[in-house]
Asker: 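After the structure tokens below, expect a handful of questions from me.
Note on naming: letters A, B, ... go to the chains in the order of the sequence lines (proteins, then strands), and numbering restarts at 1 for each one. The figures that follow rest on heavy atoms only: side chains count, while hydrogens, waters and symmetry mates do not.
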Amino acid sequence: VNVCTALIDMYGKGGSTVPARQIFDRMAHKNVVTWTAMVAGYIHCGELDRGLELVHRMLEDNVSPNEITILSWVIECGFAGALELGKLLHAYALKNRFEVSPLLATALLDMYGKCGEVRIARAIFDGMGRRDVAAWTAMISGYAHSNCLLEAFKLFIHLLSSNIEPNSITMVNLLVLCGEAGALHLGKWVHGIMMKLGIELDVVLATALVDMYAKCGEIDQAYQIFVGTRHKDISMLNALMGSLAMHGRGKQAWELFHEMKKQKMTPN
RNA sequence: UAAGGAAGCUA
């Protein structure tokens with residue numbers, strides 16, 4: 001059962017619901033994890049009707065969803081933009097008096113944020129008793145998804161005055177938002193806060209910095225950060241190369257490309 | 001280490 005369930009999970013998350021379902025149908029014994037994984041796969045792929053049909057069969061078989069079940073499905077609703085189903089799951093959790101853990105609450109507010117429902121997301125956020133950095137970051141990310149720059153930064157400032165420390169994921173969300181808005185001053189300010197708080201500069205965060213500076217037209221600054229990062233990866237190169245090209249520095253982009261190929265970096 | 005919450009370029 002465990003191995004088959006793991007396979008179903010893998011195929012489902014990989015977008016292959018057909019092989020997942022074949023394994024599912026051939027299993028004599030299924031448990032709640034098996035059902036959870038199969039339905040999650042359908043939601044992940046946007047095959048909501050098949051998912052719902054399976055949920056009905058699951059209930060007929062007297063298999064009850066638990067909190068992880070709902071959590072998994074809510075996450076996939078966010079991924080697939082399945083707002084209505086997400087609302088249904090939210091209602092189900094409330095109706096069955098699930099203790100809405102910080103994990104589930106964060107998944108719910110993230111789902112609403114990804115679906116553009118920032119007000120509902122905020123209501124959940126405000127209703128949370130103990131909010132950790134993931135909850136704050138999910139809320140900021142929700143504002144970022146809806147291009148609510150002001151709200152995102154208001155919340156971030158609120159976060160800075162709390163006892164919770166933002167982490168690199170929080171900062172990445174803010175930097176992406178600054179880049180998309182072309183808000184160079186804000187971006188620099190975020191950069192400064194990062195340094196002040198001593199947040200570790202991993203590849204993802206460094207890429208977000210490069211991207212922010214590049215999108216705001218500060219290519220040289222972006223270049224400096226790129227050069228100064230030891231473990232570069234392909235996304236980081238793409239961010240810089242693309243912006244060099246966008247700013248009419250195609251020759252430099254080309255040179256960078258060949259320099260990186262020499263260093264055994266494989267283009268994607 | 002069988003399903004569990006928030007992140008980067010490009011699409």
Side-chain angles (χ1 to χ4, degrees), chain A residues 1-13 20 23-24 27 29-41 43-44 58 63 65-79 98 100-114 121 124-125 128 131-145 152 155 159 164 166-180 199 201-215 222 225-226 229 232-246 267-268:
Chain A
V1 178
N2 298 10
V3 172
C4 288
T5 302
L7 284 169
I8 290 168
D9 180 55
M10 179 197 72
Y11 279 120
K13 287 199 168 75
I23 296 165
F24 182 85
M27 289 172 72
H29 302 285
K30 309 173 178 67
N31 60 23
V32 62
V33 183
T34 317
W35 287 93
T36 299
M38 188 64 238
V39 174
I43 301 173
H44 188 91
M58 173 180 176
V63 180
N66 59 27
E67 193 193 325
I68 302 180
T69 305
I70 301 301
L71 177 56
S72 306
W73 295 349
V74 167
I75 294 165
E76 298 304 349
C77 284
F79 180 87
F98 279 26
V100 180
S101 69
L103 268 68
L104 181 53
T106 303
L108 281 167
L109 86 83
D110 182 56
M111 181 273 295
Y112 282 116
K114 284 188 166 70
I124 294 173
F125 179 80
M128 290 176 72
R131 293 182 294 223
D132 63 11
V133 64
W136 284 89
T137 304
M139 192 62 240
I140 289 171
S141 162
Y143 284 132
H145 271 284
L155 195 63
L159 169 60
I164 313 290
N167 62 20
S168 66
I169 304 178
T170 318
M171 308 316 275
V172 167
N173 276 286
L174 293 169
L175 290 171
V176 172
L177 186 54
C178 290
E180 285 172 355
I199 291 173
L201 200 65
D202 58 26
V203 216
V204 175
L205 185 51
T207 301
L209 263 181
V210 167
D211 187 52
M212 182 279 291
Y213 278 118
K215 286 201 168 91
I225 292 163
F226 181 84
T229 304
K232 309 172 180 43
D233 74 357
I234 193 65
S235 289
M236 198 169 184
L237 174 64
N238 289 342
L240 183 60
M241 220 173 49
S243 70
L244 282 169
M246 294 282 275
N268 64 8

Asker: Where along nucleotides 6-11 of chain B does protein come under 4.0 Å, by heavy atom, of base (B) or sugar-phosphate alone (S), with - for untouched nucleotides?
Answerer: BBBBS-
Asker: Provide, to the nearest angstrom, the distance between the CG atom belonging to Leu108(A) and the P atom belonging to G4(B).
Answerer: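 Whole-Å distance recorded here is 16 Å.
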Asker: Rounded to whole angstroms, how far apart are CD1 on Ile23(A) and C1' on A2(B)?
Answerer: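 Taking atom C1' of A2(B) as the reference, CD1 of Ile23(A) is at 12 Å.
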Asker: Excluding sequence neighbours, so at least two apart, what forms side chain to side chain contact (heavy atoms under 4.5 Å, CB included) with Asn2(A)?
Answerer: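 Once residues adjacent in sequence are excluded, Asn2(A) has no partner under the side chain to side chain contact (heavy atoms under 4.5 Å, CB included) criterion.
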Asker: Rounded to the nearest Å, what distance is computed from the CG atom of residue Asp9(A) to the P atom of nucleotide U1(B)?
Answerer: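 Taking CG of Asp9(A) and P of U1(B), I get 13 Å after rounding.
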Asker: Using whole Å, what does the distance between atom C1' of nucleotide U1(B) and atom CG of Leu7(A) come to?
Answerer: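 Leu7(A) atom CG is separated from U1(B) atom C1' by 14 Å.
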Asker: Rounded to the Å, how far apart are Met38(A) CE and A3(B) P?
Answerer: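 After rounding, the gap between these two atoms is 16 Å.
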Asker: Going by side chain to side chain contact (heavy atoms under 4.5 Å, CB included), name the residues that satisfy it together with Ile169(A), two or more places apart in sequence or in a different chain.
Answerer: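 In terms of side chain to side chain contact (heavy atoms under 4.5 Å, CB included), with neighbours along the sequence ignored, Ile169(A) is linked to Thr137(A), Asn167(A), Asn173(A).
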Asker: Between C1' on G4(B) and CD1 on Ile43(A), what's the gap in Å once rounded to a whole number?
Answerer: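 Answer to the nearest Å: 14 Å.
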Asker: Under the rule for side chain to side chain contact (heavy atoms under 4.5 Å, CB included), what residues qualify as partners of Ile225(A), not counting sequence neighbours?
Answerer: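 Checked Ile225(A) against side chain to side chain contact (heavy atoms under 4.5 Å, CB included); matches are His191(A), Leu209(A), Val210(A), Tyr213(A), Gln221(A), Thr229(A).
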Asker: In whole angstroms, how far is the P atom of A2(B) from the CG atom of Asn66(A)?
Answerer: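 Computing the Asn66(A):CG to A2(B):P distance gives 16 Å.
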Asker: Kindly write out the residues that satisfy side chain to side chain contact (heavy atoms under 4.5 Å, CB included) with Val63(A), not counting sequence neighbours, or none if the list is empty.
Answerer: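 Once residues adjacent in sequence are excluded, the partners of Val63(A) under the side chain to side chain contact (heavy atoms under 4.5 Å, CB included) criterion are Val32(A), Trp35(A), Met58(A), Asp61(A).
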Asker: When the P atoms of U1(B) and G5(B) are compared, how many Å lie between them, rounded to an integer?
Answerer: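 Looking at atom P only, G5(B) and U1(B) are 11 Å apart.
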Asker: For a quick check of understanding: with a heavy-atom distance under 4.0 Å over all strands, which category does Lys13(A) fall into, base, sugar-phosphate or nothing?
Answerer: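 The residue Lys13(A) makes sugar-phosphate contact but no base contact.
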Asker: Less than 6.0 angstrom from the centroid, inside 45 degrees of the normal: does Lys114(A) satisfy that with respect to the ring of Phe79(A)?
Answerer: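 Output no; distance or angle outside limits.
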Asker: Checking Asp233(A) now: which residues fulfil side-chain hydrogen bond (donor to acceptor under 3.5 Å, both in side chains) with it, not counting sequence neighbours?
Answerer: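 Expected list: none.
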Asker: NA contact type, Ser243(A), heavy-atom cut-off 4.0 Å: base, sugar-phosphate, or nothing?
Answerer: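 If one applies the 4.0 Å heavy-atom cut-off, Ser243(A) turns out to touch nothing in the nucleic acid.
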